[in-house]
Amino acid sequence: MIFKEEDTGRWDACRRYFFSLTDKVQAGQFDDRYLLDLIEFRKLSETDVETAIFYALYAAANGSDDVALEYAEKAYHKRKINLTLWRLLRDCFERKGDAIRALIFAGFTACFYADPIQIPIPRERVDEAMLKLSLSMNNKKYAPVTNSRMRITDQGVGSQEATYVGEFLPQFQTTDPFRYWSGVYAEREQHDIKTYIAEYLKDHEMLADYGDAEFVFDIMRAKEIPSEVTVDLPPDTEAIIVPLAGKGEFQQVWFQQDDGENLMGRLAKWQFQFFRLNQKTKITSKAPFILGKPIPLGHSPKRRKVVINIFLDALSWQAVKERNYDLVPNIMNFFRKGVIFDDTRTTSEFTLPAYPAIETGMYPHHTQIFNEKGSHSLNADILTLGEQMRNLGYYCTVPIGSGDVIYDEVTRGYDRLIVNQTSTYIHTGVGRAIQQLQAFHECDQFMVLHTLDAHPWSQSGVGIPLETQTQLSLHDLLIGADEAEMSVNLTDRLVYRHWVEVGIREADRSLKELFDFIEANYQDDEYLITLYSDHGTTIYDKVHYRLSKHVAGSAFMVRGGGVPAVGLDEELVSTVDIYPVLAHLLGFPVPDNVDGQLPAVFGGKPRKYAYSMSMFPAQTFKLNVCDKEHECRVESREVTDEDGRVDLRDASVEVYDRRTEEHLPNAAAEPFIPHIRDFTREIDTHGMQWPDMRAKRPKWYGLP
């Protein structure tokens, strides 16, 4: 079946006005005819982004940069990637004298479309400018590494692969006085040894380019203190924990307490140490040092003592179900006393868009985080899970993670993140989690454990488990071993399936230690434990499809206070529903912009449809819409542009029986069509893509 455009007369007229306006923009004809065309276009168009851009262009051309910025920023709030919009924002900010913000958008145009950067920077703001430019030019998605550390050299501005360690991470928004500072994680190890290594390699591509070279970073909200700071206890707080890190070797620090006692200690360079303060204390040193955000101690009866989100990246719950759950006995035993959603669908096929969707409860075309080429700040009016939990008074941390979406500010609610790009396994995370639960048992904690045990990688680039190496035949181990593909394109090979299943078993075994600790130390109403995955994997598919049931079939389960002990629950849910479930159980409000909904088992309405999409630039757009019995697959004819939008005219639509996988007649698609149109309203260009963007990518569209 072909996804035909409804009301073709309306859309034909809309396209005529759109291209009339873009022609006038190119010709610089911002006259009355332009405004009349814009009025007619606005009546016909389904989104207001194009209208805002066109009007901003008109205002700028007529000398009103204030009005232009007002409308351009409204458009940018909804669409982060648009060449015309970036150029407009760049030029308006430059004319307004805001060189730093102009440089950010110049960086975007250079990174995506190779526009030259010609923004004059005041000498006194060069360092700040280079950090902002580094961020807008960055293609590395795992903090604290970057492939575009911008510096002034004798030859001009140059970029290099580097690592932000021993310094603050660049960020677009700086409203929090405590900013992310990247240190070295070295638990119970000799002071400064890893710091020496990090300092030597921080500007070398080795540390930035090879999965952090297995180096673990400690990213914490912090301030730099020139020499002294006085730290007082918040009201009704008996003690706080203060993290400190040195900036020099063998750095001495003095603690002058309110009762007159004066004590001396030593700080490790770039490594956080924690100090308990029971009274107002002045902290001094002869050299600058780093003060981590203080951690108040104390429990509130309005909060759980422990909330843990276990994020098993790439765990295909569909594959687990096909094995009758034999890979995860400990997970099943623990969560049977809660709710195991057995029909969960992810929003996306890979982590970059799927992770923010979980943290915000919003689909990727609403978070606008989906394109690996650039870093874009999550809108300030989107409240993440971390922010919601921080507002409730929890100490929010990621004891193990891969550094994803930090640059995009999806993690802005978390005070501490211990990260490495690839060496993130649950046995390590469980150890850190239990250690932290014991160390901070006097405060209420929210933590996320993001691990890669179930994640397959290309065999040509990553070492495989010992068990897989020793148990597979030479044929099964080595046939196709030179395959160098992204994980979303891996094929059905025994080596990958064995590898992943070893990882799932190891994760299940390690998690039993955490579950046992929780049950031994907390009452049921004192904790909430959630386990989920962001997507599955293609390695179980005979025919490759980026949104197959093995990819879209994710995990989601929850146990603890307020959770009914129903075990397996067959209702259809989405990973965007994790947010409202936690809101319901923990007591924070669900904003109006959240796409997720509360499942029926918690008193909400049953979900009729679940949506998964692949909006990867330069590939066809794919949308998978499921109900309980059917799977409707939509695929565009042309490829997706950098902005995640695509022309869906004449897209293919096919429906399958979810149980038998039988291809159903065209008539089966009819109930899905209105929902597809509504869901893709901000994605479907109807053939109206900006000409300047298309011209930059002619090969994508088969153009000369």
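The local environment of NZ in Lys282 is sparse, with at most 12 non-hydrogen atoms from other residues, nucleotides or ligands closer than 6.0 Å. Environment of CD in Glu261: crowded, with over 12 heavy atoms of neighbouring residues, nucleotides or ligands closer than 6.0 Å. Other residues, nucleotides and ligands contribute over 12 non-hydrogen atoms within 6.0 Å of the CG atom of Asn262.
If you look at Tyr355 and His450, their ring centroids are closer than 6.0 Å. A centroid separation of 6.0 Å or more is found between the aromatic rings of Tyr407 and Tyr142. Taking the six-membered ring wherever Trp is involved, the centroid distance between the rings of Phe588 and Tyr579 falls below 6.0 Å. Ring pair Tyr532/Phe311: centre-to-centre distance below 6.0 Å. Annotation: Trp181 is not in aromatic contact with Phe217 [ring centroid separation under 6.0 Å not met].
Side-chain atoms of Asn278 and Glu238 form no donor-acceptor pair, as typed in the model, at a separation below 3.5 Å. In this model, a donor atom of one side chain and an acceptor atom of the other lie less than 3.5 Å apart for Gln251 and Ser285. A donor-acceptor pair shorter than 3.5 Å cannot be found between the side chains of Ser375 and Asp408. A donor-acceptor contact closer than 3.5 angstrom links the side chains of Gln435 and Glu187. Using modelled atom types, one finds no donor on one side chain facing an acceptor on the other under 3.5 Å when comparing His366 with Asn593. A side-chain donor from one of Glu359 and Tyr414 sits under 3.5 Å from a side-chain acceptor of the other. Using a 3.5 Å distance cut-off with no hydrogens or angles, the side chains of Gln436 and Gln445 do pair a donor with an acceptor.
Taking the side chain as every heavy atom from C-beta outward, Leu437 and Phe517 approach each other to under 4.5 Å. The shortest distance between side-chain heavy atoms of Asp313 and His535 falls below 4.5 Å. Put simply, the side chain of Leu585 does not reach to within 4.5 Å of the side chain of Val307, judged on heavy atoms. With a 4.5 Å cut-off on side-chain heavy atoms, Ile418 and Val216 count as touching. Using a 4.5 Å heavy-atom threshold, the side chains of Val184 and Asp192 count as separate. Between Val594 and Val576, every side-chain heavy-atom pair lies at or beyond the 4.5 Å cut-off.
The closest donor-acceptor contact from the side chain of Thr367 to the backbone of Ala357 lies at 3.5 Å or more, if one exists at all. Without hydrogens or angle criteria, Tyr180 side chain to Asp415 main chain gives no donor-acceptor distance under 3.5 Å. The closest donor-acceptor contact from the side chain of Asn420 to the backbone of Phe215 lies under 3.5 Å. Looking only at distances, a side-chain donor or acceptor of Asp577 sits under 3.5 Å from a matching main-chain atom of Ser574.
No cation-pi contact links Arg149 to Tyr164, judged by a cut-off of 6.0 Å to the six-membered ring centre and 45° from its axis. A cation-pi contact, defined as under 6.0 Å to the ring centre and within 45° of the axis, links Lys223 to Phe178. For the pair Arg304 and Tyr527, the cation does not sit on the ring face, since its NZ or CZ is not both under 6.0 Å from the ring centre and inside 45° of the axis.
Comment: Lys194 does not engage Asp218 in a salt bridge, judged by the lack of any side-chain N to carboxylate O separation of less than 4.0 angstrom.
Minimum heavy-atom separation, Phe289 to Glu228: CE2-N, 4.3 Å.
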